[in-house]
Asks: 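My questions will all concern the structure given below.
Chain identifiers are assigned alphabetically (A, B, ...) following the order of the sequence lines, protein sequences preceding nucleic acid strands; residue numbering begins at 1 within each chain.
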Amino acid sequence: MTRMTQWLTDPNPTSRHQARIGQVWLAWIRLRRNPLAITGLTIILILFAMAAFAPLFATQDPTTQDLTQRLLPPGTRGHWLGTDDFGRDIWSRIVHGARITLYIVALVALTAPALGLLIGTVAGYFGGLVDTTLMRITDIFLAFPRLILALALVAVLGPGIFNAVLAIALTAWPPYARVARAETLTVRSSDYIAAVRLQGAGSARIIWGHVMPMCLPSVIIRVTLDMAGVILIAAGLGFLGLGAQPPLPEWGLMISSGRKFLFEQWWVATMPGLAIFIVSLGFNLLGDGLRDVLDPRSAAR
Amino acid sequence: MTTTQNTPARSLAFLRQIAGGLTTLAITLLGLLLVTFFIGRVVPIDPVLSIVGERATAAQYEAARVALGLDQPLWKQFGIYVLDAVQGDLGTSIRTGAPIIGEIARYFPATLELATLGTIIGVIVGVPAGVLAATRPGSLADQVVRLVGLMGYSMPVFWLGLIGLLVFYGHLDWVGGPGRLDPVYEMMLEFSMTQYTGAILIDTALNGAWEVFANALSHIVLPAGILGYVSMAYISRMTRSFMMNELGQEYITTARVKGMPEWRVIWVHAMKNVMVPLITVIALSYAYLLEGSVLTETIFAWPGLGSYITDALFTADMPAVLGGTIVVGVVFVTLNMASDILYRLVDPRART
């Protein structure tokens, strides 16, 4: 055992910091044993790398048109995934599209859980009428089919990436509120909360500093599992022409532009769909593994 | 197993629960209408202008505005909106000028037929797959079921539809293409048959028109199979986890010790208890298929509710979009409610 791992697995951590990092380390060791989760993690890391260094991965400019190079099949020299109807290199467009996908995912992952966390903890902490009202609102939003509500919202807001993100976030928060509320109910009446209250802490401080951190693990797992769904809905909106607008290389939009040539030039629609599939599979695999590792209820099984 | 006692007190409690559920349902539906109402108000399209046209005089404009009730205070408008909706009046379509509820009634059977067949496929494949995985945890079969399920979760359904069309229609020519029928048969259906339900498979069977039936089947099999795959992914996963849970119970050990054949232990004893939560799952997946059909229908040119909503969307026909949203929402909520009641009926423990 090296000094590093010794420090990490020390049963008597000397600081709160060390204890916390040690916990993460142990979770990582458990996660490492799950090959499917590692596959998922790898896919997501590659996605990040592709988005960060898109110009390095891409072989061409994603928006440069060259009508002499239209609809070349995969395997053509210089265009290993082929070209689309404007002669743009499909591989390069997929690489640059990773940025758009990550942008959507990141924005939704930051806004929807935050909103849900706030509503859920407030409802769970105060209980009573506040709880009933907030949860009723949550149920109403849960009762709406997500894609259809997102469609109606985008129809009002107008098409575009940002509006698509807004519509998705507005439909994605209720499950987080539910999770956060359930988690809050279990910690609300515990002794340490009572201790903080006796020390004179106000509700806002208790919720922010002592309840929310307890809800975070379950919310994070849900976020990871949800991201696949977010990618699919975003791609669906793009496909319908309600998300990103041309000439942006958004994957759903690319599929819809390839639809016209489906039977003759199959690759135009197939390749971006494959990208969506792989990335959302990555999030699903990682989320699945994370749940096994972090959720004490499923670990006990 | 406990026997169900139908004492008056018990049935009364059950009725009271249903009444409570119906109240919740009513409040949820009211909230649903509130949301669509506000979406309809903030929409940048002027509903008056889209009716009277650009060249209307100020007096004509004002008259149309009053006719639409837009001069009333907002809360009154909402009240009228709710009253209309309860009576089945969802407004008129800007595109066609026809009442929306009538149009939806014509489109809805196609969606219902597709989603129902999809769910049936999902159950027939998903439940045995989940049971197989649960009885051999960690085995190759378990891994395959898990991976196939995760793939179902991860695939964009519209893309899968396109690939399906490309392979099974374009290359292999095993199935019918987009639409519900070949045009020839569509005429036959339209002019020479009684349409009882609007579900073509049922109507043609009732009319004894087996040739048309076969054609309809060849058209529906691909979209229904794709939706079925999506619901199979969900159903098999839940079945696995419920079955695993049940197989750890003591009554299962007892049954095995008594020497009961394994198939009986699983399919009769354990299955009886797995069915209870599974009903909720199946109802939920059915509701999701109704939603998932939006994208599938655009791919397969399927004249259902999804196509109706997206077509309305592209012609900026907001009342039609919102009307469709309300209908899907109502079906969604009702299905949840129904599964809840069914759950209580099947599980005596939930009836306390």
Side-chain angles (χ1 to χ4, degrees), chain A residues 35-36 40 136-137 139-149 151-159 225 228-229 231-242 251-252 255-256 258-259 262-264 266 269-270 272-285 287-288 298 301, chain B residues 24 27-32 34-36 39-40 42-45 143 146-147 150-151 153-160 162-163 165-167 169-171 241 244-245 248 287-288 290-292 294-295 298-299 305-306 309-310 312-314 316 318 321-322 324-325 328-333 336:
Chain A
L36 287 180
R136 191 50 36 106
I137 296 174
D139 283 344
I140 289 168
F141 273 88
L142 265 181
F144 261 115
R146 273 178 76 179
L147 180 65
I148 297 199
L149 183 57
L151 277 182
L153 283 170
V154 175
V156 172
L157 300 168
L225 277 171
I231 291 173
L232 293 186
I233 291 191
L237 289 176
F239 178 76
L240 290 175
L242 297 170
W251 294 342
I255 297 180
S256 100
R259 213 179 142 182
L262 180 68
F263 295 112
E264 292 79 31
W266 55 270
T270 308
L274 218 53
I276 299 173
F277 167 57
I278 292 171
V279 169
S280 76
L281 186 66
F283 276 103
N284 270 330
L285 289 173
D288 229 33
S298 74
R301 257 188 231 156
Chain B
T24 315
I27 294 175
T28 314
L29 290 180
L30 201 66
L32 203 99
L34 193 64
V35 174
T36 51
I39 293 180
V42 297
V43 72
I45 306 159
Q143 303 281 358
R146 183 175 179 170
L147 198 66
L150 272 178
M151 282 166 71
Y153 273 110
S154 314
M155 250 182 242
V157 67
F158 52 96
W159 177 69
L160 197 59
L162 287 176
I163 301 287
L165 272 180
L166 174 66
V167 174
Y169 173 64
H171 282 278
S241 105
M244 291 275 273
N245 201 18
Y288 280 122
L290 286 177
E291 178 194 21
V294 172
L295 289 166
T298 40
I299 298 291
L305 194 53
I309 293 177
T310 40
L313 210 59
F314 293 126
M318 248 352 240
V321 173
L322 293 177
T325 310
V328 178
V330 168
V331 173
F332 210 74
V333 175
N336 275 328

Asks: Sort out for me which of A/D139, A/L240, A/I276 touches chain B most, counting heavy-atom pairs under 4.5 Å.
Replies: A/L240
Asks: Look at B/G324, B/G31, B/A287, B/G306 and state which one has the largest set of heavy-atom pairs under 4.5 Å with chain A.
Replies: B/G31
Asks: How many angstroms lie between atom CD1 of A/I140 and atom CD1 of B/I27, to the nearest 0.5 angstrom?
Replies: 8.0 Å
Asks: Using non-hydrogen atoms only, which part of B/L150 is less than 4.5 Å away from chain A: side chain, backbone, both, or neither?
Replies: both
Asks: For the residue pair B/L295 and A/F239, what are the closest heavy atoms and their distance?
Replies: CD2-CD2, 4.3 Å
Asks: For the interface with chain A, which of B/V294, B/I299, B/L160 has the highest count of heavy-atom pairs at distances below 4.5 Å?
Replies: B/I299
Asks: Apply the test side-chain contact (heavy atoms from CB on, under 4.5 Å) to residues B/V157 and A/L232: give CA-CA distance (whole Å), side-chain angles for both, the deciding distance (0.1 Å), then the verdict.
Replies: CA-CA 8 Å; B/V157 67; A/L232 293 186; over 6 Å; no
Asks: Say you draw a straight line from OG1 of B/T28 to CZ of A/R136; how long is it, rounded to the nearest 0.5 Å?
Replies: 6.0 Å
Asks: With side-chain contact (heavy atoms from CB on, under 4.5 Å) as the criterion, how do B/H171 and A/F263 come out once you've worked through the C-alpha distance, each side chain's angles and the decisive distance to 0.1 Å?
Replies: CA-CA 8 Å; B/H171 282 278; A/F263 295 112; over 6 Å; no
Asks: Which pair of heavy atoms, one from A/V156 and one from B/M318, lies closest together, and at what distance?
Replies: CG2-CE, 3.5 Å
Asks: Among the options B/L313, B/V321, B/V333, pick out the one with the most heavy-atom pairs lying under 4.5 Å from chain A.
Replies: B/L313
Asks: Check each atom of B/L290 against the heavy atoms of chain A and say whether the ones under 4.5 Å are side chain, backbone, both or neither.
Replies: neither
Asks: Using a cut-off of under 4.5 Å on heavy-atom pairs, state which of A/A228, A/G252, A/G236 scores highest against chain B.
Replies: A/G236
Asks: Looking at B/L322 and A/A152, what are the two nearest heavy atoms and their distance?
Replies: CD2-CB, 4.4 Å
Asks: Enter the distance from B/L147:CG to A/L281:CG here, rounded to the nearest 0.5 Å.
Replies: 7.0 Å
Asks: Which one wins on heavy-atom pair count under 4.5 Å against chain B: A/I231, A/L36, A/L274?
Replies: A/L274
Asks: Kindly give the heavy-atom pair with the smallest separation between A/N284 and B/Y153, and that separation in Å.
Replies: ND2-CB, 3.4 Å
Asks: Heavy-atom cut-off 4.5 Å, strictly under: side chain, backbone, both or neither for B/T310 against chain A?
Replies: side chain
Asks: Which heavy atom of B/S154 sits nearest to which heavy atom of A/S280, and what is that distance?
Replies: O-OG, 2.5 Å
Asks: Walk me through whether A/T270 and B/I163 qualify under side-chain contact (heavy atoms from CB on, under 4.5 Å).
Replies: CA-CA 7 Å; A/T270 308; B/I163 301 287; 3.7 Å; yes
Asks: At a 4.5 Å cut-off on heavy atoms, which part of B/L32 comes close to chain A: side chain, backbone, both, or neither?
Replies: both
Asks: For A/I233, is it the side chain, the backbone, both or neither that has a heavy atom under 4.5 Å from a heavy atom of chain B?
Replies: neither
Asks: B/L162 versus chain A, heavy atoms under 4.5 Å apart: side chain, backbone, both or neither?
Replies: both
Asks: What option among A/I278, A/V154, A/L153, A/L262 has the most heavy-atom pairs under 4.5 Å with chain B?
Replies: A/L262
Asks: Counting only heavy atoms closer than 4.5 Å, note whether B/Y288 contacts chain A via side chain, backbone, both or neither.
Replies: neither
Asks: Distance check, rounded to the nearest 0.5 Å: B/L166 atom CG versus A/E264 atom CD?
Replies: 10.0 Å
Asks: Counting only N and O atoms by type, is there a donor-acceptor contact under 3.5 Å from the side chain of B/W159 to the main-chain atoms of A/I255?
Replies: no
Asks: A quick test of your reading: do over 12 heavy atoms of other residues, nucleotides or ligands sit less than 6.0 Å from OH of B/Y169?
Replies: no
